[in-house]
Amino acid sequence: MTLRIYNTLTRQKEAFKPIDSKHVKMYVCGPTVYDSAHLGNARPVVVFDVLYRLLTHLYPKVTYARNITDVDDKIIKAAKKNNESIDTLTKRTTDKYHQDMAALNALSPDIEPRATQHIQQMIDIIKILIDKGHAYAAEGHVLFSVKTDPNYGTLSGFDKDQIISGARVEVAPYKNDPEDFILWKPSTDAMPGWESPWGVGRPGWHIECSAMAKAYLGETFDIHGGGIDLVFPHHENEIAQSSCCNDGKKLANYWMHNGHLGVNGEKMSKSLGNFFTVSEKLSEIPGEVIRYVLLATHYRQPLDWTGDVAGQAKNILDKFYNALDGNERQVVDINSGLLESLQDDLNIPLALSHLHELVSEIHKTGDADQKNKLQNELRVSANLLGLLYQDPHQWFKSAQGQAIEAGEIETLIQQRRQARADKDFALADKIRDELTAKGVVLLDSSDGTAWRYK
RNA sequence: GGCCGAGUGGCAGAGUGGUUAUGCAGAGGACUGCAAAUCCUUGUACAUCGGUUCGAUUCCGGUCUCGGCCUCCA
């Protein structure tokens, strides 16, 4: 089976044919570093992380680029509000982002370019666009002339004329046409600015991705990903800029977009106050649980973070890790059903069902070698999803907010052992209940009593 | 208003023109001094109204509901 991908450009699943089958290139829109990442920001990171792992499994070489946008008006505003410098803010937020995404077990991209380090490349593209008649300078701004691009709207399906009819913003006076968008804008002394042929200024929102993708992946590359909300205007404008700059060449062959994340049936937003940051959630539940929740819904579907989705995910991961207990590592193949599921437009929920099948087989087989092999199959298969990478013991003893220390638990277990030897089951049960109340589970076996945090 | 997506059993969530998704939770049983884990059994879902069809949750059309986007960002 070959990899099939739903392409937003064509609105259908297509067989994936890389430009160079020896080297696949992918670009995903990264964060604007003005604030902590929220769960919605984490979804594309985790989803495309699985795609990256899958591509790496299927192809000899993969280059994955994900940008850091460190120049933006939101950053200017946030820095002012926090009373800190822009550099301090972007550095702090970027570090936090890396920390949060690592806690979700997302691999680092191969390249993580920063917008502020590619201003010259942006200026170069803008110059070419002006030379080719696709852009014009006006009052210190440079604007892209949408009507000069006959293909504008192919990604989003929007009609150029309709875009304006529903517009909710006032049209700036320096625009030739209302639908034109900014490539470059002037900066005051209080704003970050760079010398340019159009005066001191800063880039518009979309140009950075065009510049950095071109710099690292070339004029046309394989896959471009991001959240569904970026389809318009961000990706539409990226395509317009890049293809008009590069003689009509396609920017990317496949466009993939993940669905939105909601909370309790509502859109996650600051104004509604239903806004969870990743680090906030990480203080409550393990990163792997968050990752599981983000993967348990197909990436193109909307995902609703309701009250107990995390609890369900925790139970499932407990079950998986329990099945992995006692495993001795050996090299085995990834489960074929899981691999096929992933190759069908990244059907991760279906892939997870194959993990459950493996768990069931592990418990049912009576053969120790077979069991060990199946456990390894479970582990390496889950690893392709970035799951089950911990040692089971580590997993079960790293619960958040533990109310009792390991030493104390051991002491109580010894007391209970004596009570059981004395057939004083009332006392033994009292100790069990006491520990249960503190989130500790006791596991009796012929070898003695082990324990876990629940 | 325009474009797009979605409505599946208590919950989460795949998929399919006719045959079990899967999981979580629940119930009953086995095992266990008691538990946990595990195993067995159990629950006959696909918004609504029409149409096509031998047969539709699955295709087509209407309706209702929900969500996203409709530019330089709240």
Side-chain angles (χ1 to χ4, degrees), chain A residues 8 11 32 72-74 77 141 143-144 146 153 156-159 161-172 175 178-185 203-207 227-237 257 259-262 265-267 269-272 292-293 295-298 300-316 318-323 325 341 344 347-357 359-360 362-364 416 419-420 423-426 428-433 435-436 440-446 449-452 454:
Chain A
T8 307
R11 315 256 168 204
T32 300
D72 182 276
D73 288 1
K74 272 182 305 208
K77 197 180 285 181
H141 296 71
L143 293 111
F144 184 90
V146 167
S156 62
F158 288 157
D159 186 85
D161 301 326
Q162 289 175 341
I163 290 167
I164 298 314
S165 65
R168 55 186 168 168
V169 294
E170 283 180 43
V171 177
K175 285 187 177 182
E179 66 268 34
D180 293 349
F181 60 89
I182 288 185
L183 299 169
W184 187 262
K185 53 188 165 187
W205 175 21
H206 320 291
I207 193 70
I228 188 78
D229 56 328
L230 296 180
V231 170
F232 190 90
H234 186 53
H235 289 162
E236 193 71 75
N237 290 355
H257 295 95
H260 264 156
L261 191 138
E266 290 180 304
K267 184 191 173 187
S269 77
K270 284 182 176 172
S271 53
L272 288 170
Y292 191 98
V293 174
L295 293 179
T297 299
H298 186 91
R300 282 191 280 117
Q301 295 293 104
L303 162 54
D304 193 39
W305 192 289
T306 58
D308 66 336
V309 286
Q312 281 195 18
K314 170 71 165 61
N315 287 347
I316 292 165
D318 279 348
K319 183 176 157 177
F320 284 176
Y321 273 113
N322 184 55
D325 200 20
S341 304
D344 183 13
N347 194 337
I348 301 170
L350 192 57
L352 290 170
S353 76
H354 292 290
L355 258 29
H356 284 284
E357 281 172 16
V359 169
S360 181
I362 286 168
H363 290 303
K364 281 181 192 173
R416 180 167 169 276
R420 292 177 76 205
K423 304 277 183 204
D424 183 356
F425 293 119
D429 289 347
K430 186 170 168 262
I431 293 171
R432 174 188 286 289
D433 292 345
L435 284 168
T436 301
V440 177
V441 180
L442 297 184
L443 311 167
D444 293 329
S445 74
S446 50
T449 300
W451 64 272
R452 293 171 174 172
K454 179 60 192 170

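All chains are named by letter (A, B, ...) in the order of the sequence lines, taking the proteins before the strands, and each is independently numbered beginning at 1. Every heavy atom of this structure was used, including side-chain atoms; hydrogens, water molecules and symmetry mates were not.
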K.L.:
Using a cut-off of 4.0 Å on non-hydrogen atoms, how would the nucleic acid contact of Ile316(A) be classed: base, sugar-phosphate, or nothing?
P.N.:
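Answer is sugar-phosphate: Ile316(A) comes under 4.0 Å of backbone atoms only.
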K.L.:
Looking only at N and O atoms, is any donor in the side chain of Asp73(A) or the base of rC73(B) less than 3.5 Å from an acceptor on the other one?
P.N.:
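Between rC73(B) and Asp73(A), which were checked side chain against base, a qualifying N/O pair under 3.5 Å is absent.
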K.L.:
Check the distance between rU71(B)'s P and Asp229(A)'s CG and give it to me in whole angstrom.
P.N.:
14 Å
K.L.:
Mind checking Asn347(A) for me? I need base, sugar-phosphate or nothing, with any heavy atom below 4.0 Å counting as a touch.
P.N.:
sugar-phosphate
K.L.:
Any idea which of rG2(B), rC11(B), rG23(B) is nearest the Phe158(A) side chain?
P.N.:
rG2(B)
K.L.:
Let's test your reading of the model: under 3.5 Å, does the base of rG33(B) pair with the side chain of Arg420(A) as donor and acceptor?
P.N.:
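Result: at least one qualifying N/O pair found.
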K.L.:
Hey, does Arg452(A) have a side-chain heavy atom less than 4.5 Å from the side chain of Asp318(A)?
P.N.:
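Answer no - side chains too far apart.
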K.L.:
Give the rounded distance in Å between these two atoms: CD of Glu357(A) and P of rU38(B).
P.N.:
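Spelled out: CD on Glu357(A) to P on rU38(B) is 16 Å.
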K.L.:
Out of Phe144(A), Phe232(A), Trp205(A), which one pairs with Phe181(A) under the ring pair (Phe, Tyr, Trp, His ring centres under 6.0 Å) rule?
P.N.:
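So, applying the ring pair (Phe, Tyr, Trp, His ring centres under 6.0 Å) to Phe181(A) and each of Phe144(A), Phe232(A), Trp205(A), only Phe144(A) qualifies.
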K.L.:
Give none if rG33(B) has no partner; otherwise give the nucleotide forming a Watson-Crick or G-U wobble pair with it, both distances under 3.5 Å.
P.N.:
none
K.L.:
Is a donor-acceptor pair below 3.5 Å formed from side chain Gln301(A) to base rG5(B), judging by atom type as modelled?
P.N.:
no
K.L.:
For rG26(B), give its Watson-Crick or G-U wobble partner with both distances under 3.5 Å, or none.
P.N.:
rU42(B)
K.L.:
Categorize Lys77(A) for me: base, sugar-phosphate, or nothing, with a 4.0 angstrom heavy-atom threshold over every strand shown.
P.N.:
sugar-phosphate
K.L.:
Quick one: is Asn315(A) getting a side-chain N or O under 4.0 Å of the rG23(B) phosphate, OP1 or OP2?
P.N.:
no
K.L.:
Could you tell me the Watson-Crick or G-U partner of rU57(B), where both distances fall under 3.5 Å? Say none if there is no partner.
P.N.:
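Across all strands, not a single nucleotide pairs with rU57(B).
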K.L.:
At under 4.0 Å, does any side-chain N or O of Thr297(A) touch on OP1 or OP2 of rG13(B)?
P.N.:
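Yes, because at least one side-chain N or O of Thr297(A) sits under 4.0 Å from OP1 or OP2 of rG13(B).
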K.L.:
Contact class for Leu442(A) (heavy atom, under 4.0 Å): base, sugar-phosphate, or nothing?
P.N.:
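Base contact.
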K.L.:
Applying a 4.0 Å non-hydrogen cut-off, can you work out what Arg452(A) is touching in the nucleic acid: base, sugar-phosphate, or nothing?
P.N.:
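Nothing, no nucleic acid heavy atom in range.
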K.L.:
Counting distance only, does the side-chain N/O of Glu179(A) pair as donor-acceptor with the main-chain N or O of Val146(A) below 3.5 Å?
P.N.:
no
K.L.:
Where the side chain of Lys74(A) is defined as all heavy atoms beyond and including C-beta, which of rG13(B), rC73(B), rU71(B) is the nearest nucleotide?
P.N.:
rC73(B)
K.L.:
Grab the CG-P distance between Asp318(A) and rA37(B) for me, whole Å please.
P.N.:
9 Å
K.L.:
Applying a 4.0 Å non-hydrogen cut-off, can you work out what Val231(A) is touching in the nucleic acid: base, sugar-phosphate, or nothing?
P.N.:
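The residue Val231(A) makes no contact with any strand.
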K.L.:
Side chain of Phe181(A): nearest nucleotide among rG23(B), rG68(B), rU71(B)?
P.N.:
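So the nucleotide nearest the side chain must be rU71(B).
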K.L.:
Mapping Tyr292(A) and Gly204(A) to their closest nucleotides on RNA chain B, which lands nearer the 5' end?
P.N.:
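On the 5' side of the pair lies Tyr292(A).
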K.L.:
Who is the Watson-Crick or G-U wobble partner of rC69(B), with both distances under 3.5 Å?
P.N.:
rG2(B)
K.L.:
Considering every strand shown, what is the Watson-Crick or G-U wobble mate of rU16(B) when both distances are under 3.5 Å?
P.N.:
none
K.L.:
Run the salt-bridge test on Asp444(A) and Arg420(A) with the 4.0 Å N-O cut-off and return the result as yes or no.
P.N.:
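Salt bridge between Asp444(A) and Arg420(A), a charged N being under 4.0 Å from a carboxylate O: yes.
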K.L.:
Assign His298(A) to base, sugar-phosphate, or nothing according to its heavy-atom contacts below 4.0 angstrom with the strands shown.
P.N.:
sugar-phosphate
K.L.:
Taking the side chain from Asp72(A) and the backbone from Lys74(A), do they hold a donor-acceptor pair closer than 3.5 Å?
P.N.:
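Answer holds: yes.
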K.L.:
Do Asp73(A) and Lys77(A) meet the salt-bridge criterion of a basic N to acidic O distance under 4.0 Å?
P.N.:
no
K.L.:
Per the atom types in the model, does the base of rG33(B) pair as donor or acceptor with the side chain of Arg416(A) at under 3.5 Å?
P.N.:
yes
K.L.:
Give a yes/no on whether any side-chain N or O of Lys364(A) is located under 4.0 angstrom from OP1 or OP2 of rC40(B).
P.N.:
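For rC40(B), OP1/OP2 do have a side-chain N/O of Lys364(A) under 4.0 Å.
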K.L.:
Taking C-beta and beyond as the side chain, do Pro349(A) and Asn347(A) meet within less than 4.5 Å on heavy atoms?
P.N.:
yes
K.L.:
Is there a Watson-Crick or G-U wobble partner for rA47(B) with both distances under 3.5 Å, and if so, which one is it?
P.N.:
rU63(B)
K.L.:
If you pin Asn322(A) and Lys185(A) to their nearest nucleotides in RNA chain B, which one's is more 5'?
P.N.:
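Looking at the nearest nucleotide for each, Asn322(A) comes out on the 5' side.
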K.L.:
So what does Asp429(A) hit on the nucleic acid, given a heavy-atom distance under 4.0 Å: a base, only sugar-phosphate, or nothing?
P.N.:
base
K.L.:
If you only use heavy atoms from C-beta on, which nucleotide in rA12(B), rU38(B), rC73(B) is closest to the side chain of Val309(A)?
P.N.:
rA12(B)
K.L.:
Base, sugar-phosphate, or nothing for Lys423(A), non-hydrogen atoms under 4.0 angstrom?
P.N.:
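Here Lys423(A) touches no strand at all.
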